[in-house]
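Numbering of residues begins at 1 and proceeds along the displayed sequence.
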Amino acid sequence: MAEPAGKRLKSSLPLCTAHRSSAAASGARHNLPAAVEEALCGASVFERDDVALPRVASFFHQEALKQQDEAEAMVGYLAERGGAFCGKDIQKPGCEAVCAVLPALELLLLQLKEEVGVMVELSQLACEHGDPHAAHVVKSHFLRPRVDRLKLLGDLLTNARRLGCTNDQTGGFGEYILNELQEELSR
C-alpha cells in the first residue's frame, strides 16, 4: 500500500531544498517513491538525466579519488616516520550544493589553492625544523601534483567561461560543449 502523495515519512535524512518537483520528474523513474528520491538526490549532480555530463561527472569523481589517495599517502608517510595521526574537526563547506559546472570548478580551484598554501607552509615548517627529507617528500609527492592540477583546473575554468557556462542551474550549450570537447576531463 503506497503512502498518500502529500505525506512525508518521518526521517532523520535532510530535506533537499533544490529537489525537482514531481512534475519535472524523470521519465526513466521506476518504482522510486518521491521521499526516497529526495533523500538520495545530490549524490551525483552531473549524472542526472536532466543534466547528463558524463565526462564532467567522471572528472570530479577522479579528483575526489586523487584527493583520497593523497590523504592516505600522507597518513602513510606520517606512520612511516613514527608519527601518530590525530583527526581534527573538518569545517562545513560554505555551500550546500552546486548544480552547475562553473561554480563547481571555482570551488575546486579555491580548495586546491588552499591545499597548495598548506603544503607550502608544511614544507617551510619542515625546513625550519631541520627535516629536509620531509620537506622534499611534501614538495615532490604532495605539492607538485597539486600545482599541476591547479594549472589544469585554471585552464578548464577559463574554457568554461569562454564557452558561456553559467552559475545557475539552467546549464546550457556551453556546459555541453565543455563536456564533449575537453580532453582534460578524461585524463
Side-chain angles (χ1 to χ4, degrees), residues 12-14 16 18 39-48 51-161 163 165 167 175 178-187:
S12 62
L13 295 172
C16 175
L40 292 173
C41 80
S44 320
V45 172
F46 300 114
E47 291 180 336
R48 295 188 338 227
V51 177
L53 299 171
R55 288 190 186 118
V56 173
S58 175
F59 173 75
F60 284 106
H61 179 71
Q62 293 301 320
E63 283 297 312
L65 291 177
K66 286 177 191 174
Q67 288 184 355
Q68 182 179 358
D69 290 344
E70 288 173 354
E72 289 172 358
M74 189 170 283
V75 170
Y77 176 70
L78 181 66
E80 283 177 10
R81 296 287 305 265
F85 174 75
C86 60
K88 296 183 179 176
D89 291 336
I90 298 174
Q91 293 180 354
K92 183 178 178 180
C95 69
E96 289 291 322
V98 177
C99 296
V101 173
L102 192 62
L105 289 172
E106 289 170 344
L107 282 173
L108 185 55
L109 183 69
L110 288 173
Q111 179 184 346
L112 278 176
K113 283 181 178 179
E114 186 177 317
E115 289 175 8
V116 165
V118 168
M119 293 299 152
V120 167
E121 281 183 41
L122 186 59
S123 176
Q124 289 173 346
L125 184 67
C127 285
E128 289 172 5
H129 288 278
D131 190 357
H133 182 263
H136 172 73
V137 168
V138 168
K139 284 181 184 175
S140 62
H141 292 122
F142 302 111
L143 184 58
R144 198 166 292 132
R146 280 182 174 82
V147 170
D148 294 341
R149 287 202 324 255
L150 204 57
K151 168 69 171 123
L152 170 70
L153 203 55
D155 293 346
L156 284 173
L157 196 54
T158 299
N159 289 340
R161 287 184 179 128
L163 290 170
C165 293
N167 283 326
E175 290 183 352
L178 183 72
N179 182 66
E180 292 301 313
L181 298 179
Q182 288 297 323
E183 295 172 9
E184 291 87 2
L185 291 174
S186 57
R187 278 190 205 169

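- Remark: D155 CG to N159 CG distance equals 6.5 Å, nearest 0.5 Å.
- Under the salt bridge (Lys or Arg N to Asp or Glu O under 4.0 Å) criterion, the residue pairs touching residues 107-130 are E115-R146, with sequence neighbours excluded.
- Remark: E80 pairs with Y77 by the side chain to side chain contact (heavy atoms under 4.5 Å, CB included) rule, at least two apart or across chains.
- For the pair A160 and L102, the tightest heavy-atom approach, listed with the atom from each and the gap, is CB-CD1, 4.0 Å.
- Here the CG atom belonging to L112 is positioned 11.0 Å from the CG atom belonging to L107, to the nearest 0.5 angstrom.
- Residues V138 and M119 come closest through the heavy atom pair CG1-O, 3.5 Å.
- Counting heavy atoms from C-beta on, the side chains of M74 and E70 never come closer than 4.5 Å.
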Residues D131, R81; criterion side-chain contact (heavy atoms from CB on, under 4.5 Å); working and verdict
CA-CA 11 Å; D131 190 357; R81 296 287 305 265; 3.0 Å; yes
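- Going from atom CG of L109 over to atom CG of L153 covers 5.0 Å, rounded to the nearest 0.5 Å.
- Between K66 and D69, every side-chain heavy-atom pair lies at or beyond the 4.5 Å cut-off.
- Contact check on D148 versus R144 returns no salt bridge, with no Lys/Arg side-chain nitrogen under 4.0 Å from an Asp/Glu carboxylate oxygen.
- At a threshold of 4.5 Å between non-hydrogen side-chain atoms, the residues F59 and V101 do not count as touching.
- The heavy-atom pair separating A134 from A126 by the smallest distance is CB-CB, 4.0 Å.
- Contact of the L122 side chain with the F142 side chain is not registered, since no non-hydrogen atoms from C-beta on lie closer than 4.5 Å.
- When the options R149, Q68, Q111 are evaluated for a side-chain contact (heavy atoms from CB on, under 4.5 Å) with E63, the one that passes is R149.
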